[in-house]
Amino acid sequence: MSNAIVVLNAGSSSIKFSLFVERGKSLETDVRGQVEGLYTTARFVSKASDGTVKAEKSWPEGIKLGHDGALDHLVDHLRAELAGDRLIGIGHRVVHGGRLYRQPVRVDGKVLKVLETFVPLAPLHQPHNLAPIRRALERAPELPQVVCFDTSFHRTQPDVAQMFALPDDLREAGVMRYGFHGLSYEYIASILPEIDPEAAKGRTVVLHLGNGASMCAIEDGRSLASTMGFTAVEGLPMGTRSGSLDPGVILYLMDQLKMDTQAIEKLIYSQSGLLGVSGISSDMRTLLESEAPPAKLAVDLFCYRIRRELGSLAAALGGLDAMVFTAGIGENAPEIRSRVCRDAAWLGVDIDEAANAAGRGRISKESSRVAVWVISTNEELMIARHTRRLLETTQGGRK
Ligand code: ADP
């Protein structure tokens, strides 16, 4: 009988899950999948690690499954999947750990209450992240649960990197730069020593380019600066998020165009970025295939902002030894990687186009002063590892 850990990543309309089973020292994914359309038409799919569908189900239109219904279904499915293995805990991805949580934490009713106080900091994500924790605490209070935060990895940044130039009482009230995508960066930092020991000790910029996109300066495995700040809208233009704006734009929208908070939120989170600029799609694949000038402009802007942020992060690091591309665009779009690398020639980046087209591992020339890598991120594995570690070390954890 092996130990098993379930990792949950709950969003506004879906819950993604992965089941990890301990095999020797490593944790391997047995099944993964999701329930989506939680408040529209719900659909569940579970796949084996080779991609074959193990189970699926659709609910009739009009039945709103919700987070609780989805979790109940997942629990039943995973119980059946576990066969002889023993579930030792659930690991959750939670977007915000505030200033308090610098590390993952075992969650009980008390911790959950603290996490609820961070809802105003991430109103679009935090409530959904917390919903399955609450349900699992109700249904199986004896089952250990661990929360892993997207913000924790960045708490090593120097104060100046975490500050806005605002009066101090606002910082005390929590208005500061938190940074996100921390589990992805932490995963990359955790495997970099095996892949490129020099880079792992040195100054690396990791580019997490997915629907949500950010970049992080890492030195000797620790976050030094990142492009995302108080919210996950700062920094690069993303699929539908604007990225950094002059704060004066928001005032103008309010004062002159009479837009209220909700309208502005919708604009900067859901209608901007690649979608807003192109007017065509938030999907990089579609834009790269399109001949339309606005699609080209959106891609140009995306690459231009990466170029600027890379300069800024290299300055924060005092130089650059390595770059790592990861996430949907970073892992799968050689065209974007090539442009970003060519723009970074002044930093000592010399891309090997054949290796870049092949798309995995080192994509810079041997002679390149800066080593460039493509590495698949694995936030779920990071959460599973944290969960196992915490349950092994916390009193009361099942062994
Ligand atoms: P999320 O932030 O939702 O996890 P992903 O990391 O899955 O996002 O990244 C999604 C993005 O990756 C989309 O813009 C998608 O177009 C892009 N992408 C995926 N595959 C490719 C590809 N082959 N070429 C270009 N872009 C791709």
Side-chain angles (χ1 to χ4, degrees), residues 1-10 14-36 44-56 70-71 73-94 103-104 106 132 136 140 143-150 153 181-196 200 208 210 221 324 326-328 330-332 359-361 373-394 397-399:
M1 182 159 64
S2 305
N3 286 341
I5 290 168
V6 173
V7 171
L8 296 181
N9 181 356
S14 71
I15 301 181
K16 298 194 176 103
F17 71 93
S18 309
L19 177 66
F20 287 87
V21 176
E22 237 174 22
R23 302 233 158 78
K25 281 199 168 162
S26 64
L27 285 163
E28 289 173 16
T29 343
D30 255 22
V31 289
R32 61 169 70 217
Q34 62 176 349
V35 189
E36 59 185 0
F44 159 75
V45 65
S46 173
K47 291 182 180 172
S49 45
D50 64 3
T52 51
V53 174
K54 295 199 87 176
E56 54 189 334
L71 187 81
H73 180 77
L74 284 183
V75 169
D76 293 341
H77 168 67
L78 291 167
R79 275 218 176 104
E81 268 311 313
L82 274 170
D85 297 330
R86 180 176 49 161
L87 183 63
I88 59 164
I90 306 178
H92 298 267
R93 180 179 187 177
V94 170
Q103 295 288 336
R106 176 118 170 231
L143 183 67
Q145 298 191 66
V146 168
V147 285
C148 303
F149 304 101
D150 271 312
F153 184 65
H181 287 143
L183 291 157
S184 173
Y185 294 128
E186 190 181 10
Y187 174 75
I188 300 290
S190 78
I191 60 165
L192 204 53
E194 295 159 30
I195 296 171
D196 186 344
H208 178 110
V324 177
T326 195
E331 292 170 31
N332 299 301
R360 282 289 170 274
W373 295 91
V374 178
I375 301 177
S376 299
T377 195
N378 197 340
E379 289 145 311
E380 291 79 18
L381 178 58
M382 201 65 235
I383 295 169
R385 283 188 195 157
H386 276 308
T387 304
R388 176 169 66 173
R389 184 185 48 77
L390 214 73
L391 296 185
E392 277 170 1
T393 51
T394 345
R398 297 175 186 187
K399 289 215 169 167

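What you see below is based on every heavy atom in this structure, not just the backbone, and it leaves out hydrogens, waters and symmetry mates.
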Quick check on side-chain contact (heavy atoms from CB on, under 4.5 Å): which of [options] does [X] satisfy it with?
X     : options                    : value
His92 : Val6, Val147, Ile383, Asn9 : Val147
Ile5  : Thr387, Val21, Leu87       : Thr387
Ser2  : Leu82, Ile88, Asp85, Leu27 : Asp85

The criterion is side-chain contact (heavy atoms from CB on, under 4.5 Å); which residues satisfy it with [X], sequence neighbours excluded?
X      : result
Ala80  : none
Val31  : Phe17, Leu19, Ser46, Lys54, Leu78, Glu81
Arg389 : Gln103, Pro104, His386

| query | Do Asp196 side-chain atoms and Leu192 backbone N/O form a donor-acceptor pair below 3.5 Å? | reply | no
| Within the distance-only criterion (no hydrogens, no angle test), does the side chain of Glu331 pair as donor or acceptor with the backbone N or O of Thr377 below 3.5 angstrom? | yes
Looking at [atom1] of [X] and [atom2] of [Y], how far apart are the two atoms once the value is rounded to the nearest 0.5 Å?
X      : Y      : atom1 : atom2 : answer
Ser184 : Ile375 : OG    : CD1   : 10.0 Å
Ser18  : Glu380 : OG    : CD    : 4.5 Å
Glu186 : Arg385 : CD    : CZ    : 9.0 Å
Phe153 : Ser190 : CZ    : OG    : 9.0 Å
His181 : Ile188 : NE2   : CD1   : 12.0 Å
Glu379 : Leu183 : CD    : CG    : 6.5 Å

Within the 4.5 Å heavy-atom criterion, are [X] and [Y] side-chain neighbours or not?
X     : Y      : answer
Arg79 : Val75  : yes
Glu22 : Arg388 : yes
Val35 : Lys16  : no
Phe44 : His73  : yes

| said: Taking the basic N atoms (NZ, or NE/NH1/NH2) and the acidic carboxylate oxygens, is any pair closer than 4.0 Å for Asp30 and Arg23? | reply: yes
| said: Ignoring hydrogens, what is the shortest heavy-atom contact between Gly221 and Ala189? Give both atom names and the distance. | reply: O-CB, 4.0 Å
| task | Locate the shortest heavy-atom distance separating Ile90 from Ala136; write the atom from each residue and the value. | result | CD1-CB, 4.1 Å
| query | Where do Leu8 and Leu71 land on the side chain to side chain contact (heavy atoms under 4.5 Å, CB included) test, with the steps shown first? | reply | CA-CA 9 Å; Leu8 296 181; Leu71 187 81; 3.5 Å; yes
| Does any donor atom in the side chain of Thr326 or His208 lie under 3.5 Å from an acceptor atom in the other side chain? | no
| Distance-only donor-acceptor check, side chains Arg32 and Ser49, under 3.5 Å | no
